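Quick caveat: nothing in here was measured; it's all calculated off a predicted structure. Remember, it's 1-based here, ligands and their atoms both numbered in the order they're listed.
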Amino acid sequence: MKINHQTKKVRLFTPGPVELHEEVLRELSRPIEPDYGIEWTSYYNNTRKLLCKIFDTTNEVMLFVGSGSSGIEACIGSALSYDEKILIGVNGFFGERLKEIAESFGLQTIIIEQPWGERLEPQAFEDVLRKDKLIKMIALVHLETSTTIVNPIEEFGKISKKYDVPLLVDTVSSLGGMPVSMDKWGIDFCVSASQKCLGAPPGLAPIAISSRGWDLIKKKPSKNHGWYLNLNVWQKYEQMWEKWHPYPITMAVSTLFALRKSLDILMKDGLENRLLRYQNLAKRLRSNLHKIGLAPYTSDDLLSPVITAIRGPTGIDTTEIVNYLYENYSMRIAGGLGLLKNKIFRIGHMTPTISLDDIDDLVLAIENSITDLCKNV
Ligand SMILES: *Cc1c(COP(=O)(O)O)cnc(C)c1O
């Protein structure tokens, strides 16, 4: 029987954008306030201070109006000039995306690939950095959302320090949902987005930059990088208009309200508790999947606390499972990306609205869907 989506609430188990906490959702109906003035600026700065805690950094956080990719593009474009070298790790769809962004600036990309579903190997990076002294930046994804693989950033931080090459890390799908420690790990450009583990609507990209990162930006030989996604421009306005409008453009007021509420809830729950909560959801999900005979895409020792990918049963295209679940159970999960399209499906458990009971209900719905789909095979 088909469910009428107008009467049944659709639940999101997507790896971003995520389902919002109802208090966060309510913030979106608040009247718009002008994005300037002393009071507003202090609200904005306090929100940034909360983000510093989550980045675990003493560096400042900027909030770019744009998606996570805008933040990555701003960092790479502001720090490197045409034809300069960047070393990029690629073990999934978003690693490929880093490469695409770097290529769009005409950078020389040196790619270290690892098969999808495996972690990047720090040793391979070290071998390249030892020989090539012209590399200006290392860029990696923390949690590769396409495969759920978590790359060992702390080890890359050590290499980045040893060879004195700044490190950019895409923490779009990890920040706020699993440990990220910018300063301790030695990250120079750390970029995230509002719509994943930070539990807010899409539209803001928090970026934190170390002093070594800023040095690289200041040393950039050419300055022809445009205006909007130029970190120098953001820094200039932040200083010039510090007290009343510390950014060059109009802040996304409603998204900021929502993000702030989500951060307040996160702080109230406690970051540690939140991380543990997601980890427990991931464990429960895996154990339920094993019970119904489905195999997670990565082994249990490579558990990602906020996203789980699952191989489809033989003979069934995973896109059908994704669609069936939505049509019949009003539950939204995600399919595979790139090489893994039709091969896996992915479940995001990176929002506080998802409980252990929800995980149980979801797996039951998946089991029923597969039974029904198999009847038609
Ligand atoms: C979602 C995601 C992105 C893209 O972020 P946008 O906000 O859509 O630009 C980049 N990297 C990772 C790891 C992601 O999960």
Side-chain angles (χ1 to χ4, degrees), residues 12-20 51 55 61-77 88-104 114 116-117 119-120 138-153 156 167-180 182 187 189-208 228-229 252 255-256 258-259 262 278 282 297-298 302 304-309 332-341 344-351:
L12 300 190
F13 296 91
T14 37
V18 299
E19 191 171 84
L20 304 184
L51 284 164
F55 276 104
V61 172
M62 282 181 178
L63 275 167
F64 260 61
V65 177
S67 80
S69 308
S70 75
I72 295 169
E73 174 158 343
C75 290
I76 294 180
I88 303 174
V90 177
N91 58 341
F93 183 88
F94 290 103
E96 303 263 8
R97 183 58 70 76
L98 287 178
K99 173 171 177 261
E100 230 179 279
I101 294 173
E103 282 171 350
S104 78
Q114 200 67 29
W116 287 38
R119 291 160 143 206
L120 292 170
I138 306 166
L140 308 165
V141 175
H142 182 205
L143 168 57
E144 183 44 87
T145 314
S146 61
T147 61
T148 76
I149 286 290
V150 180
N151 287 313
I153 301 304
F156 284 100
L167 176 65
L168 177 145
V169 181
D170 166 349
T171 60
V172 171
S173 61
S174 56
L175 189 80
M178 50 191 290
V180 171
M182 179 176 186
I187 302 173
F189 298 90
C190 196
V191 183
S192 196
S194 50
Q195 78 276 14
K196 296 191 185 176
C197 304
L198 294 175
L204 287 171
I207 305 176
Y228 194 108
L229 296 181
T255 307
L256 188 75
L259 175 61
S262 180
Y278 292 153
Y297 178 68
T298 60
L302 292 179
S304 141
V306 292
I307 319 167
T308 302
R332 300 203 67 165
I333 58 171
L337 286 174
L339 293 178
L340 294 170
K341 192 169 158 46
I344 60 166
F345 55 96
R346 293 173 304 140
I347 294 168
H349 27 89
M350 48 170 75
T351 170

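- Between the side chains of S304 and T148, not a single donor N or O lies within less than 3.5 Å of an accepting N or O.
- Atom-to-atom distance recorded for L140:CG and L167:CG is 5.5 Å, nearest 0.5 angstrom.
- Every protein residue with a heavy atom nearer than 4.0 Å to ligand 1 is included here: S67, G68, S69, F94, V141, L143, T145, D170, V172, S173, A193, Q195, K196.
- For the side chain to side chain contact (heavy atoms under 4.5 Å, CB included) with S173, the qualifying choice from M178, K196, Q195, E144 is K196, the only one to do so.
- Scanning both residues, L198 and P206, for their nearest heavy atoms gives CD1-CG, 3.8 Å.
- Using modelled atom types and a 3.5 Å distance limit, the side chains of S174 and H142 yield a donor-acceptor pair.
- For H349, there are no ring pair (Phe, Tyr, Trp, His ring centres under 6.0 Å) partners at least two apart in sequence or on another chain.
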